Amino acid sequence: MEIKVLGTGCSRCKSLYAAVEKVVNEMGIDASLIKEENMENILKYNVMSLPALVINEKVVAKGNISESDLKTIFTNENK
């Protein structure tokens, strides 16, 4: 699984990256985690709200995402 956190480096983006890293480790998910801060690359995903979460090149969530939401998202994506 490839997980990207899209964001420009703001505190919310850093927070989401840390939460994703924590949940991935807790759940034992085999994934590569990428922090995408390049605006040119972010614009390719057509998101207007940051941070955004991308799994396997699909935008799955935008804005503030809680750890419990992340667990639900990762559980559904692993099926």
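Side chains are part of it too, since the values below use all heavy atoms of this structure and drop only hydrogens, waters and symmetry mates. Everything quoted here is computed from the prediction, not taken from an experiment.
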Would you give the length of the straight line joining atom CE of M1 to atom CG of D30, rounded to the nearest 0.5 angstrom? 9.0 Å
N/O donor to acceptor pairs below 3.5 angstrom from side-chain atoms of residues 57-65, sequence neighbours left out:
unit_1 : atom_1 : unit_2 : atom_2 : d
E57    : OE1    : Y45    : OH     : 2.7
E57    : OE2    : K4     : NZ     : 2.9
E57    : OE2    : Y45    : OH     : 3.3

Side-chain donor-acceptor distances from residues 14-26 under 3.5 Å, at least two apart:
unit_1 : atom_1 : unit_2 : atom_2 : d
K22    : NZ     : E67    : OE1    : 3.4
N25    : ND2    : E21    : O      : 3.2
E26    : OE1    : K71    : NZ     : 3.4

Result block: side-chain N/O donor-acceptor pairs under 3.5 angstrom for residues 31-41, not counting sequence neighbours:
unit_1 : atom_1 : unit_2 : atom_2 : d
E36    : OE2    : N38    : N      : 3.1
E36    : OE2    : N41    : ND2    : 3.3
N38    : OD1    : E40    : N      : 2.8
N38    : OD1    : N41    : N      : 3.2
N41    : OD1    : K44    : NZ     : 3.3

Between V47 and V54, does the side chain to side chain contact (heavy atoms under 4.5 Å, CB included) criterion hold? Intermediate values first, please. CA-CA 10 Å; V47 293; V54 176; over 6 Å; no
Tell me, please, which residues at least two apart from T72 pass side-chain contact (heavy atoms from CB on, under 4.5 Å). N76
Could you pull out the closest heavy-atom pair between G7 and C13, with the gap in Å? CA-SG, 3.3 Å
Could you tell me the separation between the OG1 atom of T75 and the CD1 atom of I29, rounded to the nearest 0.5 Å? 7.0 Å
Taking only residues two or more places apart in sequence, or in another chain, which ones meet S11 in a side chain to side chain donor-acceptor pair (under 3.5 Å)? none
